[in-house]
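Since the structure comes first, as structure tokens, the remarks are kept for the end.
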Amino acid sequence: MDWDQILFWVMIAIWVIMPAFIVYEEIRERRALAASEAPAEEIEAVNE
Amino acid sequence: MLIPAIWIAALTYASELTLLSMGFTLTYLTAKVPNFAHGTYAGIGIYVSYTFSKILGFSPYLGFPFSFLIGGLMSIIIYFLVIGVLQRLGGGAIVLTISTLAIQIFLAGATNIYAFWLRAKYSTYAMLFMLKDFDFKIGDFPGIFIVSVGLTVSCVILLHYMLTRTKIGIAMRATAEDPELASVLGININQVQVFSWFLTGGMASLAGSMIPIWFMSTPTTGAAMITPIMAGSLLGGFENVYGAVIGGVVVGVSEIMLTYWGSVILGAWVGEYRPLIPMIFLVIILLIEPRGLQGAWERMTASDTGQSILKSLGLLKEEPVT
Amino acid sequence: MIQEIALGLLTSSVAVEGTSRLIVDIAMYFGLFVIVAMALNFQYGNAGIPNMGCAVQVIIGGFTVSAITTRLILTLVGNAGVEILPWTSDYDWVYNSPKNVNIVNSWLSGEPLFGVSMLLFTLAVSLILGAIIGWIIALPAIRLRATYLMIVLITMADASQIFGRNVVWISGGTLGIFIPDIFKWYPGDRTLVMAIITLLIGLISFFIFRTMLNSPYGRLMRAIRENEVTVGSVGKNVVGIRRNILMFASGITAISGALLGFYFSYVVEANYQRALWTYWPWLMLILGGPGNNAGTFLGCALVVAMRRVILVNKWFLQEIFFFPVAYFEQILLGVLLISVIMFRPNGLIPEKLLYIPGVNYRRLVDEEVVVDWRGAPKARGASSGISGIFRMLGGKKEEAGE
């Protein structure tokens, strides 16, 4: 059992989790932020 | 009158440090930023001296005016390229300070490269050197002692004259106090800034060019001096330049004398800890009284005990104390 | 750019196995720096504490490994009956260190549990010592702000280097101490194990930081960064919170230093230089964007990639520039810092508003909210002139009207 190969790919996996998670989170947050502002814009448009 | 050799070293070092601290305080007063690269300007001066003496074969003293000019020019260039731009873009204090740190890193790298190039081209060892052989003697004293103390004293006098009598000097003080008001009064802030950067860069370079005549120098000697420089300026307080004079002298003399006495009393290992002395000064000053000696003086005279002492000495002005 | 990086990776004149070794090396350095950069982001980007002395936090981790762990291992191994050379006096400590390490290593090759427990012990101790250093750093941070704080912290980092260089029992002065290889029991490439552990710790700390940032505590931190007088007046213990933040971030940074010691199996003060562990992390932070973890990650990735590419192409570069690559890196660091500050001060990924579920920002804020860390001290009400600066930099004492 070649530990080195296995661990190598484990390392790559861990290395990739972080950016993947970050990207996922950022997209989700920015979308939620934009969504929370959209209805308010409609209200503002109505108010004006 | 015979002065022990260690005092000669101490006073020489203290004069050079005082020049540097004055420049540092001046930069802080006019540009509102602690110039971390100030020590590296001195590094430029160190290598101008080296170039003049070992490469070109003249006495390093001849290089003094050149090092002043080169230092001033470098300072102006850096102002135009970096600091002025950042100030115009609206940078706060932290950003400007980080930029001076970046400048310091850049200049340190450039100094390293220059020393390396000198070694490659002229086969001289520019990484660690001392120029004592190029010195002359006045009576029993090494020339650099007289020159450094004399130069520093004359600089203080000249600076005082300039700041109080000449137009540009008063303009500098006005800009330091309140830039907006100064510009309303018709002072060209930009010109004043350029002039002050030229002056401080030149002074730093001048002080730097004196250093290798007595002390061993490396490419990083200039940059490493920033800690004693800041300690000297902080000790004097940033209210005006004269505080830096006191601060520079105290820190410079203490650094050398304390190391010397320490090595006499405790052993030679104390020498390694020499850079620690200005650091301790710095930390203690910042923790106890960030405004330095002047702040401490004001605090003391404003306190009750201070007032009673002054009253008993008959020095108290007639003012109602609320 | 990706092509150039790939080319840089591939033109390293070693065999294919060498390339994967390069990747492991990059992963290791990236892991180390990402931990430090994330902790720095925690301190500066989120709490507004410009910690220019993070080298001292890293070095404490290294000192833990050299001063404490190695001694512990030597004691335990000696008690287990293995013949090791004397190491208690200063001279023996440094001089016998490489030989002792060889002896201990051969014993360690059969003791996986011992190795792992030593690792955990080191991490725990460096966490604690890092927190102590954080407490020490917090002392000036109470009274000082902005530039004065930076000055003190840089000085502390320099001082720690002087101590490390001269006090022999900490890390062997200028000669350094060799560290027993706690992963000797692993049959293959130990750097792989180290890289995995480092990345794992990076991942864990990332999640810890993220949780803290998205919690009410995170909002508290940002509130303190923006306007601490208000926060103080609401009744929060600003001083205590800052201290906690510093202690926590210090502990995590120290872990990075300890891992570095284990990676090289060698601890010497010169490995922990100020330039490497303070300025480069700051560049990563500023380049990526202070205030969010995504930016830190990106900045870290870019800088580590750039440095490795430079290193791999060292011979080529030294043909063009006649001087050693180290000086070139110095110049590059300075130039990059200045460029980023001038042209993209918010970093590549600018900070966005905190997303709080259920809060409709439009109703609360009727102007464009731009998060601009550049003008930070100005936002604290500094007026022009010297008195303004002293009022600002003198800290709480002056504001309290003493």
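Each chain gets a letter, A, B and so on, in the order its sequence line appears, and its residues count up from 1. Just so you know, these numbers come straight off a predicted model, no measurement behind them.
Within the 4.5 Å cutoff, side-chain heavy atoms of B:I98 are placed close to those of C:I286. Counting heavy atoms from C-beta outward, B:Q104 and C:Y279 have side chains that approach closer than 4.5 Å. Counting only heavy atoms from C-beta outward, the side chains of B:L286 and C:P140 never approach each other to under 4.5 Å.
Here the CD1-CG distance, from B:I226 to C:D158, works out to 11.0 Å after rounding to the nearest 0.5 Å. Here C:I338 contributes atom CD1 and B:F106 contributes atom CZ; the two are 7.5 Å apart, rounded to the nearest 0.5 Å.
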Could you go through the side-chain contact (heavy atoms from CB on, under 4.5 Å) check for B:L282 and C:I151 one step at a time? CA-CA 9 Å; B:L282 207 120; C:I151 294 177; 3.3 Å; yes

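Ring geometry for B:Y273 against C:F163 counts as tilted: the plane angle lies between 30° and 60°, on a 0 to 90° scale.
In this structure, chain C has heavy atoms under 4.5 Å from both the backbone and the side chain of B:P275. If you measure heavy-atom distances from C:M52 to chain B, the contacts under 4.5 Å come from the side chain alone. For chain B, the nearby part of C:I154 is the side chain; its heavy atoms alone come within less than 4.5 Å. Contacts between B:I280 and chain C at a heavy-atom distance below 4.5 Å are absent for every atom of the residue. Of the two parts of B:L181, neither the backbone nor the side chain holds a non-hydrogen atom closer than 4.5 Å to a non-hydrogen atom of chain C. For chain C, the nearby parts of B:A108 are the backbone and the side chain; heavy atoms of each come within less than 4.5 Å.
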